[in-house]
Amino acid sequence: MKTLILFYSYSGNTRRIAQNKAEEIGADIEEISEVKKPSVLAAFTIGCYKAIRGLQSPIKPLKSRLSDYECIIIMSPIWAHHPVPAVYTAISRLPAGRKVELVMVSASSGSQNSAKKTMALVEARGCEVVAYTDLKAK
C-alpha cells in the first residue's frame with residue numbers, strides 16, 4: 001500500500017517523529033507549510049483561537065498528489081487540544097476513498113477535546129479513519 005506521511009511542524013518535534021516513522025515504514029513524506037509562518041506570539045494566540053474553532057490557514061501547494069496514495073498519515077502538533085489550522089486545510093484537500101491515520105503530537109496534553117470532530121472532518125471527505133493516536137513528544 002502506497003503511503004504518504006503529511007505533517008505540520010512548528011518547532012521541529014513533529015518533523016522528527018514524521019521522519020522516523022517514514023523511514024520505519026518506507027513511506028513518502030511531505031511537510032505542510034503555511035504561506036506565512038506565524039510568529040511564536042501569533043501561533044499561540046491567533047493560532048490557538050483558530051485551532052479551537054476549526055478554522056483553516058493558507059498553506060503552500062502540496063508537491064505530492066494525494067490521489068496517488070492509498071493511505072495518508074497526517075501528523076499535527078496540538079494547539080489548545082486541537083490540530084493546527086494548517087492541518088485543517090490539508091484535511092479539506094483529502095481525496096475520497098483514502099485510508100487516513102491521524103497522529104496528534106503534544107509535549108503536554110492530548111487532543112481528547114477534538115478527536116471526534118477531527119475524525120468527522122476526515123470522514124466527511126469520504127475517507128476512512130483507520131487509527132487515531134495522541135502521541136507524547138519528548
Discussion item. Would you say that more than 12 heavy atoms from the other residues, nucleotides or ligands in this model lie under 6.0 Å from the NZ of Lys116, or not?
Written reply: no

### Query
Quick one: are Ile5 and Met75 in side-chain contact, heavy atoms under 4.5 Å?
yes

Given 3.5 Å as the limit, does a donor-acceptor pair link the side chain of Ser114 with the main chain of Lys117, or not?
no

CG of Leu135 to CG of Leu102, rounded to nearest 0.5 Å, is 13.0 Å

Would you mind reporting whether Leu6 and Ile32 have side-chain heavy atoms less than 4.5 Å apart?
-> yes

Using atom types as modelled, flag every donor-acceptor pair under 3.5 Å from a side chain in residues 50-61 to any protein atom, sequence neighbours excluded.
residue, atom, partner, partner atom, Å
Ser57, OG, Glu34, OE2, 3.0
Ser57, OG, Ala86, N, 3.2

Rounded to the nearest 0.5 angstrom, the CG-CD distance for Leu62 and Glu31 is 11.0 Å

>> Less than 4.5 Å apart, side chain to side chain, heavy atoms only: is that true for Ile74 and Ile91?
In response: yes

On a heavy-atom basis, the closest approach of Lys21 and Ile73 is CE-CD1, 4.3 Å

Heavy atoms of Ser111 and Met104 approach each other most closely as OG-CG, 3.6 Å

For Gly47 and Pro85, the nearest pair of non-hydrogen atoms, with its separation, is O-CG, 3.7 Å

| said: Taking the side chain as everything from C-beta on, heavy atoms only, tell me whether Phe7 gets closer than 4.5 Å to Ile29. | reply: yes

- Item | Heavy-atom side-chain proximity of Leu4 to Asp68 below 4.5 angstrom | no

_Would you call the rings of Tyr8 and Trp79 parallel, tilted or perpendicular, taking 30° and 60° as the class edges?_
perpendicular

Original post:
Going by distance alone, is a donor N or O of one side chain under 3.5 Å from an acceptor N or O of the other, for Thr118 and Tyr132?
Top reply: no

- Check whether any side-chain heavy atom of Ile78 sits under 4.5 Å from a side-chain heavy atom of Val105, and report yes or no. no

Salt bridge (charged side-chain N to carboxylate O under 4.0 Å, His left out) filter on Glu70, not counting sequence neighbours, yields none

Rounded to the nearest 0.5 angstrom, the CG-CD distance for Leu94 and Glu123 is 12.0 Å

>> Grouping I, L, V, M, F, W and Y whenever their side-chain heavy atoms are under 4.5 Å apart, do Val84 and Ile17 come out in a common cluster?
In response: no

Sequence neighbours excluded, the answer for side-chain hydrogen bond (donor to acceptor under 3.5 Å, both in side chains) partners of Ser64 is Glu30

Polar side-chain atom of Arg98 near backbone of Tyr69 as donor-acceptor pair, under 3.5 Å: yes

* Without swapping roles, check the side chain of Ser9 against the backbone of Arg15 for a donor-acceptor pair under 3.5 Å. => yes

Requested in this report: Using the rule that two of Ile, Leu, Val, Met, Phe, Trp, Tyr join whenever any of their side-chain heavy atoms come within less than 4.5 Å, decide whether Val129 and Tyr88 are in one cluster.
Outcome: yes

- Does the side chain of Phe44 come within less than 4.5 Å of Pro38's, by heavy atoms? no

Thr3 side chain near Ile72 side chain, heavy-atom distance below 4.5 Å: no

